[in-house]
2 protein chains.
Amino acid sequence: MEVTGSSGGAAAVGPCAAIPAEHMAFIRTVLDRVGDKWSLLVIAVVESGPLRYTDLQRQVPGISQRMLTLTLRQLQEDGLITRTAYAEVPPRVEYALTPLGRGLHEIVTSLIGWAADHHDEIREHRARATAA
Amino acid sequence: MEVTGSSGGAAAVGPCAAIPAEHMAFIRTVLDRVGDKWSLLVIAVVESGPLRYTDLQRQVPGISQRMLTLTLRQLQEDGLITRTAYAEVPPRVEYALTPLGRGLHEIVTSLIGWAADHHDEIREHRARATAA
DNA sequence: CGGTATCCCCTCTGATACTG
DNA sequence: CAGTATCAGAGGGGATACCG
């Protein structure tokens, strides 16, 4: 996704003060991953130790098998979690955070912490906005 | 709710070790907001001072008028940004972070920082996964 | 148990055109 | 300048059924 070319013009102050244009594209790809409906929740939950498929499905309320599978695969492809299958009967598969994933998990944790801390504040704002 | 220190807590049975079920629903609503395609980017960018509509559109590459307007309205309803319209000709409207928004901005910043730091690592993982 | 495969809807998003 | 209105398309995501 090549962003709209800043067609040469002024852009005097730079395209974005905080974010170099060259990084924008990649930031988007990370934000897209982060921004899908389930990734952050899965990362938040998988921290509590190696978890089995079914455990994850139980701990992430509302996720469908399809989305759990897809999300896990994506996270795995990004190197954020590991998948370990044990050749047993019945089958057992465990998912865990990689070191890389743990780094992201910390941020996710602050995000969730922030959400929890400002729960009421946001709710109040939304209510007032809706009322008006 | 302080989530940060929960690492290592082995047992922690229950529905979800880190996240009380009662908070899950609200976390979802915050994650949904965070997870839409543009909110985080707008928050990242609006930090650099009160910005006008057009400035935002220029600094967030690829955003359409429609999505910029929608995103701004949502953020405003959540109390994360302020909208100030000056009754002038030509019209001028400025957007800025609220204190609440600044709190989220810090997290967004770490997220973007993390993304930038592990850019190569993730890219490599993805490449290897695609190749295989 | 731990997935795949399929269908299908519905939302999110972009493009375009118009307005105060 | 700072939006609003409308339309159309793509694909994310849920429900269901089936497989190793």
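Within every chain, numbering begins at 1; the chains are lettered A, B, ... in the order of the sequence lines, protein sequences first and strands thereafter. Side chains are part of it too, since the values below use all heavy atoms of this structure and drop only hydrogens, waters and symmetry mates.
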Student: Heavy atoms from C-beta onward define the side chain here; which of C:dG3, D:dA2, D:dG14 lies closest to that of A:Ser64?
Tutor: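 Nearest nucleotide to the side chain: D:dG14.
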Student: Should A:Glu106 and A:Arg102 count as an ion pair when the cut-off is N to O under 4.0 Å?
Tutor: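 No salt bridge links A:Glu106 with A:Arg102.
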Student: Could you give the CD-to-C1' distance, from B:Gln74 to C:dT13, as a whole number of Å?
Tutor: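 Spelled out: CD on B:Gln74 to C1' on C:dT13 is 14 Å.
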Student: Any side-chain to backbone donor/acceptor pair from B:Ser110 onto A:Ile107? Under 3.5 Å, distance only.
Tutor: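 Checking the backbone N and O of A:Ile107 against the side chain of B:Ser110, no donor-acceptor pair under 3.5 Å is found.
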Student: For the pair made of CZ in A:Arg92 and C1' in C:dG3, what is the distance, rounded to whole Å?
Tutor: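 To the nearest whole Å, that distance equals 17 Å.
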Student: Write down the atom of B:Val46, the atom of B:Leu51, and the distance for their closest heavy-atom approach.
Tutor: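 Here B:Val46 and B:Leu51 meet closest at CA-CD1, 4.0 Å.
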Student: Minimum heavy-atom separation for B:Pro61 and B:Gln59, please, with both atom names.
Tutor: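 Closest approach of B:Pro61 to B:Gln59, heavy atoms only: CD-O, 3.2 Å.
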Student: Looking at D:dT4, I'd like to know if its phosphate oxygens (OP1 or OP2) sit under 4.0 Å from a side-chain N or O belonging to B:Tyr53.
Tutor: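 No, no such contact exists.
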Student: In terms of the nearest nucleotide of DNA chain D, which residue is placed more toward the 5' end: A:Trp38 or A:Pro91?
Tutor: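 Looking at DNA chain D, the more 5' nearest nucleotide goes with A:Trp38.
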Student: Rounded to the nearest angstrom, tell me the gap between atom CZ in A:Arg58 and atom P in C:dC1.
Tutor: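 One finds 11 Å between P of C:dC1 and CZ of A:Arg58, rounded.
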Student: Hey, which sits more toward the 5' end of DNA chain C by its nearest nucleotide, A:Leu72 or B:Gly35?
Tutor: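 Here A:Leu72 is the residue nearer the 5' end.
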Student: Testing the basics here: between B:Ala44 and B:Val108, what is the closest heavy-atom pair and its distance to 0.1 Å?
Tutor: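 Closest approach of B:Ala44 to B:Val108: CB-CG1, 4.0 Å.
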Student: Which nucleotide wins on minimum distance to the side chain of A:Arg52, given the candidates D:dG14, C:dC1, D:dA2?
Tutor: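 For A:Arg52, the side-chain atoms sit closest to C:dC1.
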Student: Please give me the minimum heavy-atom distance between A:Asp78 and A:Leu100, naming the atom from each residue.
Tutor: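 In this case the closest contact between A:Asp78 and A:Leu100 is O-CD2, 3.8 Å.
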Student: Whole angstroms only, please: what is the CD-P distance between A:Gln65 and C:dG2?
Tutor: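 Going from CD in A:Gln65 over to P in C:dG2 covers 10 Å.
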Student: What does B:Tyr86 touch in the nucleic acid at a heavy-atom separation under 4.0 angstrom: a base, only the sugar-phosphate, or nothing?
Tutor: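 Nothing, no heavy atom under 4.0 Å.
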Student: Tell me the interatomic distance from A:Ile63, atom CD1, to D:dG13, atom P, rounded to whole angstroms.
Tutor: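 It is 10 Å, rounded to the nearest whole Å.
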Student: What nucleotide among C:dG3, C:dC1, D:dG3 has an atom nearest to a side-chain atom of A:Thr69?
Tutor: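 Closest nucleotide to the A:Thr69 side chain: C:dG3.
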Student: Rounding to an integer number of Å, can you tell me how far A:Leu68 CG sits from D:dG13 P?
Tutor: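 Distance check: A:Leu68 CG to D:dG13 P gives 13 Å.
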Student: So does A:Arg128 pair up with A:Glu124, basic N to acidic O under 4.0 Å?
Tutor: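 Salt bridge: yes.
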Student: Just call it for B:Thr54: base, sugar-phosphate, or nothing, with non-hydrogen atoms closer than 4.0 Å on any strand.
Tutor: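 Sugar-phosphate, backbone atoms only, no base.
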Student: In whole Å, what is the span from the CZ atom of A:Arg83 to the C1' atom of C:dT4?
Tutor: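 Atom-to-atom, A:Arg83 to C:dT4, this comes out as 12 Å.
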Student: In whole Å, I'd like the distance from the CZ atom of B:Arg73 to the C1' atom of D:dA5.
Tutor: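 Between C1' of D:dA5 and CZ of B:Arg73: 12 Å.
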Student: Starting at the 5' end of nucleotides 5-12 of chain C, put B wherever the base has a protein heavy atom under 4.0 Å, S where only the sugar-phosphate does, and a dash everywhere else.
Tutor: -B------
